[in-house]
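Index from 1, following the sequence. Counting starts at 1 for both ligands and their atoms, in listed order.
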Amino acid sequence: MAEVVIVENAEAAGALVAQEIVELIDGRPDAVLGLATGSTPLPVYQALRERLAGRDVSQVRGFALDEYVGLDPAHSESYRSVITREVVEPLGLDPRRIHVPNGAQETIQHAGADYEEAIDAAGGVDLQILGIGTDGHIGFNEPGSSFASRTRVKTLTEQTREDNARFFDSIDDVPRHCITQGLGTILRARHLVLLAFGEGKAQAVADAVEGPLSAILPGSAIQLHPHATVVVDEAAASKLALADYYRYTFANKPSWQGI
Ligand code: F6R
């Protein structure tokens with residue numbers, strides 16, 4: 001099962017995950033990071049700003065999880081823009097090494113296969129950062145997604161469009177389609193780190209970690225991964241049946257073991 005780490009708040013989660021990433025980069029300067037967008041990973045990126053300052057990160061590579069289809073990459077809410085603003089620029093990464101699925105309508109037929117090829121050519125993702133939607137999606141793999149799926153176009157649920165409307169002027173501006181790494185793509189990363197904060201994510205987290213493996217809850221796919229870490233605050237942990245056991249396990253973890 002996934003290792004669940006319950007922390008005090010999002011800041012503590014950011015510090016924990018950032019430390020893991022710093023150690024990864026120290027051991028492998030051209031590490032391949034799997035980058036999520038949305039609000040959840042922001043404390044990680046914030047913590048990385050301080051921890052990576054002054055280090056050579058010129059070799060670090062990255063692959064975003066997903067992108068909206070048909071949204072101008074220059075739009076402030078395209079994931080290309082978000083990754084540039086929140087990750088590439090503040091961390092001083094080389095933009096040529098950071099990939100985002102291509103959501104342009106003209107090339108969408110082969111954009112998924114192209115992205116899979118690029119991930120393969122990089123040797124796969126070392127550490128994949130994940131958030132989770134209130135409907136249990138990871139990446140933009142909405143309920144019903146195949147556990148074997150690869151990067152492809154998906155239709156966003158109305159729930160996800162409503163959740164993401166806060167980033168746009170109105171819900172009408174939220175695209176209906178996205179291109180996302182598949183669950184099968186995500187499962188090929190060597191280490192999955194799923195973060196979630198707040199009560200609104202509690203049910204999705206409990207279902208993903210402790211519920212049955214099911215396409216209706218795409219996040220449950222992490223149960224198939226040999227090295228998955230779930231970092232949650234108390235509110236997001238509030239529906240976990242084994243919360244006390246996770247606390248006990250983490251408190252007694254050998255100091256030589258990372259997350
Ligand atoms: C974003 C992504 C999504 C988000 C999820 C949660 O790249 O893949 O799965 O992680 O929608 O979004 P937030 O973090 O905004 O609650």
Side-chain angles (χ1 to χ4, degrees), residues 9-11 13-14 17 33-46 62-69 71 73 75-88 98-103 112 115 119 125 127-145 149-168 171 174-187 189 192-205 207-209 217-222 228-233 235-236:
N9 52 36
E11 201 187 333
V17 178
L33 303 178
L35 303 165
T37 47
S39 329
T40 307
L42 296 180
V44 177
Y45 301 143
Q46 184 61 42
F63 286 88
L65 273 173
D66 39 22
E67 178 60 288
Y68 294 110
V69 170
L71 192 64
H75 188 288
S76 64
E77 292 309 324
S78 76
Y79 285 170
R80 163 66 69 188
S81 295
V82 172
I83 291 285
T84 302
R85 190 168 64 233
E86 305 289 355
V87 187
V88 177
I98 308 302
H99 308 261
V100 179
N102 185 353
Y115 205 61
I119 294 174
V125 169
L127 185 149
Q128 176 65 58
I129 301 169
L130 296 168
I132 188 164
T134 54
D135 64 0
H137 69 238
I138 56 174
F140 270 143
N141 294 282
E142 297 287 25
S145 295
S149 51
R150 295 293 159 97
T151 306
R152 71 225 184 281
V153 172
K154 288 290 287 180
T155 305
L156 296 171
T157 62
E158 280 304 288
Q159 175 71 58
T160 300
R161 292 185 66 239
E162 279 164 29
D163 286 347
N164 288 5
R166 68 189 192 281
F167 297 117
F168 292 82
I171 189 162
V174 184
R176 287 198 156 71
H177 296 98
C178 63
I179 172 165
T180 179
Q181 286 190 32
L183 294 174
T185 316
I186 292 170
L187 287 174
L192 302 182
V193 179
L194 186 149
L195 298 109
F197 310 120
E199 212 178 332
K201 299 289 177 75
Q203 192 61 52
V205 167
D207 290 343
V209 176
L217 207 293
S220 65
I222 64 167
T229 310
V230 175
V231 185
V232 285
D233 64 4

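- Every residue was checked against the ring-ring contact (aromatic ring centres under 6.0 Å, His included) condition with Phe167, not counting sequence neighbours, and none meets it.
- Taking CG from Leu65 and CD1 from Ile138, the interatomic distance works out to 8.0 Å, rounded to the nearest 0.5 Å.
- Looking at Glu77 and Arg85, a side-chain N of the basic residue comes within less than 4.0 Å of a carboxylate O on the acidic one, giving a salt bridge.
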At less than 3.5 Å, what protein N or O atoms come close to the N or O atoms of ligand 1? Include the distances to 0.1 Å.
residue  : atom   : partner : partner atom : Å
ligand 1 : 7 (O)  : Thr37   : N            : 2.9
ligand 1 : 7 (O)  : Thr37   : OG1          : 2.7
ligand 1 : 7 (O)  : Asp66   : OD1          : 2.8
ligand 1 : 7 (O)  : Asp66   : OD2          : 3.4
ligand 1 : 8 (O)  : Asp66   : OD2          : 2.7
ligand 1 : 8 (O)  : Gly139  : O            : 3.3
ligand 1 : 9 (O)  : Gly139  : N            : 3.4
ligand 1 : 9 (O)  : Gly139  : O            : 2.6
ligand 1 : 11 (O) : His137  : NE2          : 2.7
ligand 1 : 14 (O) : Ser39   : N            : 3.3
ligand 1 : 14 (O) : Thr40   : N            : 2.9
ligand 1 : 14 (O) : Thr40   : OG1          : 2.4
ligand 1 : 15 (O) : Ser39   : N            : 2.9
ligand 1 : 15 (O) : Ser39   : OG           : 3.3
ligand 1 : 15 (O) : Arg166  : NH2          : 2.9
ligand 1 : 16 (O) : Lys201  : NZ           : 2.7

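- Ring geometry, Tyr68 versus Phe140: the interplanar angle falls from 30° to 60°, so the pair is classed tilted.
- Among His137, Lys154, Gln159, the one residue that satisfies the side chain to side chain donor-acceptor pair (under 3.5 Å) test with Glu142 is His137.
- Interatomic distance, CD1 of Ile98 versus OG1 of Thr84, reported as 9.0 Å (0.5 Å rounding).
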